[in-house]
Every structure is written in structure tokens, then in C-alpha cells.
Amino acid sequence: AQSVSQHNHHVILSEAASLELGCNYSYGGTVNLFWYVQYPGQHLQLLLKYFSGDPLVKGIKGFEAEFIKSKFSFNLRKPSVQWSDTAEYFCAVNSGTYKYIFGTGTRLKVLA
Amino acid sequence: GAVVSQHPSWVICKSGTSVKIECRSLDFQATTMFWYRQFPKQSLMLMATSNEGSKATYEQGVEKDKFLINHASLTLSTLTVTSAHPEDSSFYICSALRGTGGGSTDTQYFGPGTRLTVL
């Protein structure tokens with residue numbers, strides 16, 4: 001069965017620090033990959049997505065993610081976080097269907 | 001674009017009553033919508049896929065008679081929790097699929113969620 005792992009459950013950073021959140025999936029075929037963010041009290045918003053092409057994907061708010069097929073990974077990065085990036089981040093994968101498999105999420109707290 | 005709304009945002013009901021939650025895609029048509037349940041500090045669990053004009057497809061372990069789904073139009077899906085019990089208390093989130101013609105490259109856009117508390 002497909003699964004998505006986000007190993008960092010909680011991350012605390014100071015403003016201006018660099019961010020990398022891990023996402024690994026278990027599926028050997030063609031996959032589509034997504035990162036969503038859920039700010040406190042708000043709904044899930046799409047940060048970025050990868051379907052094909054350049055494995056380095058740039059999203060909104062300065063976020064980017066790199067698809068490394070050999071590592072089954074799609075890690076999310078941001079060079080310099082802000083206090084407003086405090087949120088929960090979810091990685092999601094689908095393959096062949098439109099049903100998503102979500103990771104367990106990573107709660108990011110950025111200290112001002 | 002791609003705005004999805006849910007109503008109500010929160011609801012409190014007595015045990016044994018039924019509660020209806022609406023999910024609307026405001027600026028696009030969605031033949032497919034999804035209903036998720038999110039437990040505290042956990043990920044989203046897909047409950048069912050709602051298809052306009054046909055029966056919903058439920059995930060394994062989800063009681064279809066308890067969680068009634070109706071996808072009445074291309075912009076509206078409803079989830080009715082029937083004979084609610086305290087264990088049904090949760091955060092219910094819907095999403096609508098937007099794309100160019102179906103397939104796995106379509107993208108889900110999420111509603112803000114509905115907090116259900118059953119007393």
C-alpha cells in the first residue's frame with residue numbers, strides 16, 4: 001500500500017533560519033506530489049505541486065521542493081523563514097488516481 | 001481562484017441527531033469532491049469520494065449509512081452525519097477537484113473545515 005512519511009513532526013526555528021521538511025513516499029510507479037500548508041485556524045492551501053518535468057518546483061511564498069526519484073523524496077525548502085510561516089505542512093502523493101495519500105504533517109513554529 | 005467553502009464552520013448537536021455539512025466550490029465546477037476527517041494532531045483521513053450525479057465511493061471502514069453523501073450539483077456536495085454520537089466529534093474537511101479533464105494531475109482545493117461536537 002502507498003504511504004507517505006513525514007519524519008519531522010515538530011520543527012522550531014528562529015526567523016531567517018533555513019527550512020527543510022522531509023517527505024518520503026512508498027510507491028514505485030509514476031507519482032504526483034503536493035505540499036499543502038494549514039495556517040492556524042485556516043484551511044489547507046496548496047503550496048506547490050509536481051507532476052513532471054523539472055524536479056525542482058517553486059511554489060508560493062518562497063517555498064520550493066525537489067523531487068528525487070531515486071530517494072522517493074519530495075522535500076520542502078525555504079531559504080529564510082518568517083514568523084508568518086508558522087503552520088502545519090502536509091505532503092501528499094497520488095499515483096494513477098486522484099485520491100491523495102497524506103503524510104502525518106509537520107508543525108512548524110517560527111520564533112520571532 | 002479555486003475557492004471552496006464549507007458551512008457551517010462549527011456545529012454542536014445532541015447525541016442521536018443528524019447534522020448536514022455543505023461543501024461548495026465557489027468559482028469552478030467540480031464533478032468530484034472529497035470528504036476527509038481530521039483527528040487532533042493527525043493527518044487527513046479520506047472518508048469518501050463524492051461524484052456528481054452518482055453514488056459516493058466510501059473508503060474501507062467508513063459506514064455509508066452513517067455518513068450520507070449527496071453531490072446534487074457541480075458546485076455542491078453535502079455530508080450528513082446521521083444519528084451522531086460523541087465518537088463522531090471531529091473536524092470534517094471537504095475538497096473539490098479542479099483540473100483540465102480528469103486524471104491524477106488534477107488538483108484538490110480544500111474547504112476550511114467544519115468542527116462537529118456531539119454532546
Side-chain angles (χ1 to χ4, degrees), chain A residues 1-11 21-25 27 29-53 57 59-60 65 67 87-109, chain B residues 1-7 9-10 21 23-26 28 30-52 56-62 91-115:
Chain A
Q2 296 178 46
S3 66
V4 179
S5 298
Q6 291 181 245
H7 302 294
N8 311 105
H9 297 295
H10 291 91
V11 174
L21 301 182
C23 173
N24 289 88
Y25 63 92
Y27 185 74
T30 302
V31 293
N32 301 309
L33 300 148
F34 307 82
W35 274 99
Y36 285 86
V37 60
Q38 189 173 31
Y39 296 103
Q42 296 189 30
H43 62 283
L44 280 156
Q45 299 174 38
L46 181 66
L47 271 179
L48 48 80
K49 57 187 177 182
Y50 172 80
F51 294 151
S52 63
V57 181
I60 61 172
F67 171 51
E88 188 158 17
Y89 293 81
F90 292 94
C91 179
V93 175
N94 74 358
S95 176
T97 76
Y98 40 64
K99 288 165 61 171
Y100 289 14
I101 306 296
F102 279 90
T104 51
T106 297
R107 288 180 180 265
L108 171 66
K109 185 174 178 62
Chain B
V3 179
V4 177
S5 70
Q6 275 184 248
H7 177 81
S9 55
W10 59 271
I21 303 170
C23 177
R24 294 181 186 270
S25 55
L26 298 183
F28 66 100
T31 55
T32 303
M33 292 183 173
F34 301 88
W35 287 97
Y36 294 84
R37 189 169 174 176
Q38 187 178 27
F39 294 96
K41 299 184 180 181
Q42 294 188 33
S43 188
L44 285 77
M45 181 193 79
L46 179 64
M47 298 174 65
T49 304
S50 171
N51 301 296
E52 189 270 337
T57 305
Y58 291 82
E59 295 300 300
Q60 192 171 10
V62 178
F91 195 55
Y92 293 88
I93 302 173
C94 75
S95 71
L97 195 66
R98 184 181 190 185
T100 56
S104 61
T105 57
D106 293 346
T107 301
Q108 293 187 32
Y109 291 89
F110 288 82
T114 297
R115 173 77 58 194

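By convention in this document, chain letters (A, B, ...) are assigned in the order of the sequence lines, proteins followed by strands, and residues within each chain are numbered from 1. For clarity, every value in this text was computed on a predicted model and none was experimentally measured.
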| pair A:K99-B:L46: side-chain heavy atoms closer than 4.5 Å |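 Sidechains of B:L46 and A:K99: in contact.
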| With side chains defined as the heavy atoms from C-beta onward, is the minimum distance between B:F110 and A:Q38 less than 4.5 Å? | no
| field | Proximity of A:F102 and B:Y36 rings by center, below 6.0 Å | value |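 Yes - the distance between ring centres of A:F102 and B:Y36 falls below the 6.0 Å cut-off.
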| query | Closest approach of A:K49 and B:Y109, non-hydrogen atoms and distance? | reply | NZ-OH, 4.5 Å
| said: Minimum heavy-atom separation for B:T107 and A:Y100, please, with both atom names. | reply: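 Nearest pair, atom of B:T107 first, then A:Y100: CA-OH, 3.4 Å.
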With rounding to the nearest 0.5 Å, note down the distance linking [atom1] in [X] to [atom2] in [Y].
X     : Y      : atom1 : atom2 : answer
A:L44 : B:Q38  : CG    : CD    : 6.5 Å
A:N94 : B:Q108 : CG    : CD    : 8.0 Å
A:H43 : B:S95  : NE2   : OG    : 11.5 Å

| field | Residue part contacting chain A, namely of B:F39, when any heavy atom lies under 4.5 Å | value |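 Neither part; nothing is under 4.5 Å.
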| field | Interchain contact, B:S9 with chain A, by part (heavy-atom threshold 4.5 Å) | value | neither
| field | Main-chain N/O of A:G105 paired to B:S43 side chain as donor or acceptor, under 3.5 Å | value | no
